[in-house]
Amino acid sequence: MTTIKLHNTRTRTKEDFVPIDPENVRMYVCGPTVYDRAHLGNARPVVVFDVLYRLLRHVYGTEQVTYVRNFTDVDDKINATALARKEAGAEGSLEHLVQERSDETIGWYLHDMGALGALEPNAMPRATQYIRQMVEMIEDLIAKGHAYVAEGHVLFAVDRWKEGYGKLSGRSVDDMIAGARVEVAPYKRNPMDFVLWKPSSDDLPGWDSPWGRGRPGWHIECSAMAYELLGASFDIHGGGNDLMFPHHENEIAQSCCAHPEGEFARVWLHNEMLQVEGKKMSKSLGNFFTVHDLLEQGVPGEVIRFVFLQTHYRKPMDWTEKKARAAEATLRKWRALTAGIEPAASAAPAVIEALADDLNTAGALTELHRLASEGDAAGSLASAQVLGLLEPEMGQWADTDAVDLTAHADRLAGARALAMQNKDFSEVDRLKAAFVAAGLEVRMSKDGVELVPGPGFDAAKLEAV
C-alpha cells in the first residue's frame, strides 16, 4: 500500500500518515460562512482537500473514507441580509429568512465548486442543524469547570487548559495576553477567554438555551459537528492557515476538554493564501473577484483548478492571467490527446508518489507533462483524473472538434496578403475583431496566422464571420 506523507502543522514535521482505522479514514475541513458568493481564495482549500480526498480514496478505498465539510450559517452578515429582506416586506420569521439566504448561498457555492471539479464531501452539516449538540457540549464544559456564564454569555476559560492552548499555532497564553491590543469585554475573566454562547436580541436569530435565548459562538460549531459525525478522535483536520488561530486553536481546547478520552484531530493541514498578480486580493486594489465572476467571464473551472494545482498547498499561490492562458493551452492539448480514449486501469505510479509526498501537485503535473510528451494517452487520462482533471463532464469548454480554425486562419492570412498589396487593411481589421469577439487569440507573424481559442471561446460566433 502507498505510504502517504503529510506535513502536520501540530508537530511541524512531515509524517507518515497512519489512520486510526484504515477501514474508516476520517477528515474534517472547515467550510465557508455562507453570506455571499465564494471568492477565489475560498476555493483554494476546496481544491487542496479535494485532491487529498481523492488520494485517500485511491489508497484506502472509496467506501473507507469519510469527508466532512461544514457550512457556517450563523453569522452577522447573513443576519443583516435576512433583516434587510424582512424590513423590505419579505414574509416569514427572521430564522426562516436566514435559512432562505443560506439555502441560496449554499446552492451558489456547490455549483461553483462543482465547476472546479470538486467532489461533494460525504457530509455537509450546517451549524443550525446542530444547535442542540452545541448546547450539550457547552453544558458539559461548564459542568467540568472549563466554561463559565457571565451576563448571558458563556465563555471558555483558557487558563483551565493553559498547558495545551497555543501549541498548534506556536503561541503561549502569557505571550498572547501580553500582546493583546484590543479592549477586553468586562464580563471576561481572562482576555483570551472566548465565547461559546452569546445572547440574541429580538432582531437577531436565536435559540432557547439554559442561558437564555441566544446563538452559538463560531468556534463551538465545528467541535460539535466534528464530534457528532466523526467521534472524539479522527484522522485529519484541514483549512486555510488564516484559521489556525484562533479558530482551530479554540476548537482543540474546547474539544479536548469536553472529550478528554479522545485527541480530536491527529493531523492538521493548512493551506497558504492566494494572491492575484503578485498582490493580496483586496476590493480596494480592484483585484477581488469570485469564482462565479471568472466562470461568467468564460474561464473554465478546469483551468482554474489546473492553475491551483501548479503551486504546492503550503506555498502562497499567485493567480495570473498568463497562468490561466497557459493552463488552458495545456488542457486543450491533453484533451485532444485523450479524446475517445479509455483511461488506463490505474494512474501512473510516479503521479501517485508525487501526491503521496505531502500533496505535491506540481510534481504530479510534471509527470503528466511527461506522459503526454510520450504519447501515453491512456496513462495520461487515468493519472489526470486522480487530480480531478480531464473528467468527461468538465470538457465541454474544450470541444472545438466541429470548428475548422485552420480555414479561418487561412482566410485571415489571405486577407493580410492582399492588404499588403493594396494597402487596404479594413478586411484584416474586420476579421481580427470578429475572431477576438468570438474568444480567439489572433497571432500574426511572418510565418503565418494562428488562431488560439481563449477563455470564453464561442464557436457559434464564427458562423457570422
Side-chain angles (χ1 to χ4, degrees), residues 1-8 13-19 22 25 27 44-62 64-65 67 116-119 235-236 238 267 269 271-272 301-315 317-318 323-324 326-392 394-395 398:
M1 180 179 288
T2 301
T3 298
I4 299 174
K5 293 181 178 292
L6 298 173
H7 185 274
N8 190 347
T13 59
K14 189 190 296 186
E15 306 171 349
D16 288 354
F17 173 67
V18 181
V25 182
M27 177 170 70
R44 193 180 190 197
V46 174
V47 173
V48 166
F49 292 103
D50 181 68
V51 172
L52 178 55
Y53 182 40
R54 290 170 182 270
L55 176 63
L56 292 171
R57 285 158 55 107
H58 176 84
V59 173
Y60 294 99
T62 302
Q64 281 65 52
V65 182
Y67 174 20
L116 304 187
L119 302 173
D235 298 295
I236 299 169
V267 179
L269 268 65
N271 64 273
E272 255 287 358
E302 188 174 30
V303 169
I304 299 172
R305 185 183 185 95
F306 189 101
V307 174
F308 281 7
L309 296 178
Q310 289 177 307
T311 304
H312 192 272
Y313 78 93
R314 290 197 298 112
K315 294 182 179 179
M317 201 219 84
D318 191 19
K323 287 182 180 179
E328 181 165 337
T330 296
L331 286 168
R332 285 189 184 279
K333 291 177 183 177
W334 289 358
R335 282 197 170 275
L337 172 68
T338 59
I341 298 293
E342 288 296 317
S346 60
V351 171
I352 300 301
E353 288 173 11
L355 294 179
D357 183 14
D358 196 29
L359 300 184
N360 182 4
T361 53
L365 289 178
T366 297
E367 291 298 325
L368 284 176
H369 281 289
R370 181 184 62 79
L371 290 169
S373 68
E374 294 174 354
D376 185 352
S380 293
L381 186 56
S383 301
Q385 289 179 346
V386 172
L387 284 162
L389 299 171
L390 304 190
E391 297 284 5
M394 294 183 71

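Residues L116 and V46 fail the side-chain proximity criterion, which asks for heavy atoms closer than 4.5 Å. Side-chain contact check for R305 versus V51: some heavy-atom pair is nearer than 4.5 Å. You'll find the side chain of R57 reaches within 4.5 Å of the side chain of L119, heavy atoms only. Between P349 and E367 the shortest side-chain heavy-atom distance does not fall below 4.5 Å. F17 is listed as a side-chain neighbour of I236, based on a closest heavy-atom distance under 4.5 Å.
A pairwise comparison of heavy atoms in Y60 and P22 identifies CD2-O, 3.9 Å as the closest pair. Of all heavy-atom pairs spanning A377 and I341, the tightest one is CB-CG1, 4.0 Å. Between S380 and A372, the shortest heavy-atom contact is OG-N, 3.5 Å. Between A382 and A347, the shortest heavy-atom contact is O-CB, 4.0 Å. When all heavy atoms are compared, the tightest approach of V386 to I352 is CG1-CD1, 4.0 Å.
With T361 contributing its side chain and L309 its backbone, the two residues share a donor-acceptor pair below 3.5 Å. A side-chain donor-acceptor contact under 3.5 Å links R44 to the backbone of E272. The main-chain N or O of V307 is never found under 3.5 Å from a side-chain atom of T311 such that the two would form a donor-acceptor pair. Counting only distance, with no hydrogens or angles, the side chain of H369 and the backbone of T330 share no donor-acceptor pair below 3.5 Å. Panel note: side chain S383, backbone A348; a donor-acceptor pair is recorded below 3.5 Å.
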Determine, stepwise, if the pair V65 / M27 fulfils side chain to side chain contact (heavy atoms under 4.5 Å, CB included).
CA-CA 8 Å; V65 182; M27 177 170 70; 5.8 Å; no
Begin with the C-alpha distance, continue with both residues' side-chain angles, and end with the deciding distance and a verdict on side chain to side chain contact (heavy atoms under 4.5 Å, CB included) for I4 and L55.
CA-CA 9 Å; I4 299 174; L55 176 63; 4.0 Å; yes
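For the side-chain contact (heavy atoms from CB on, under 4.5 Å) test with L52, the passing option among V47, L359, D358 is L359; the others fail.
For the atom pair CZ (F49) and CG (N271), the distance works out to 5.5 Å, reported to the nearest 0.5 Å. In this structure, CG on L381 lies 10.0 Å from CG on L368, to the nearest 0.5 angstrom. Of the inter-residue distances, the one linking F308 atom CZ with L387 atom CG reads 14.5 Å to the nearest 0.5 angstrom. Atom CD1 of I304 and atom CD of E328 lie 11.0 Å apart (nearest 0.5 Å). Rounding to the nearest 0.5 Å places CE of M394 at 7.0 Å from CG of L389. Here K14 contributes atom NZ and L6 contributes atom CG; the two are 9.5 Å apart, rounded to the nearest 0.5 Å.
For residues 375-391, every residue pair satisfying the salt bridge (Lys or Arg N to Asp or Glu O under 4.0 Å) rule, not counting sequence neighbours, is listed here: R54-E391. Counting only residues at least two apart or on different chains, the side-chain hydrogen bond (donor to acceptor under 3.5 Å, both in side chains) pairs with a member in residues 334-350 are E302-R335.
Checked by atom type, the side-chain pair Y67/D50 shows no donor-acceptor distance below 3.5 Å.
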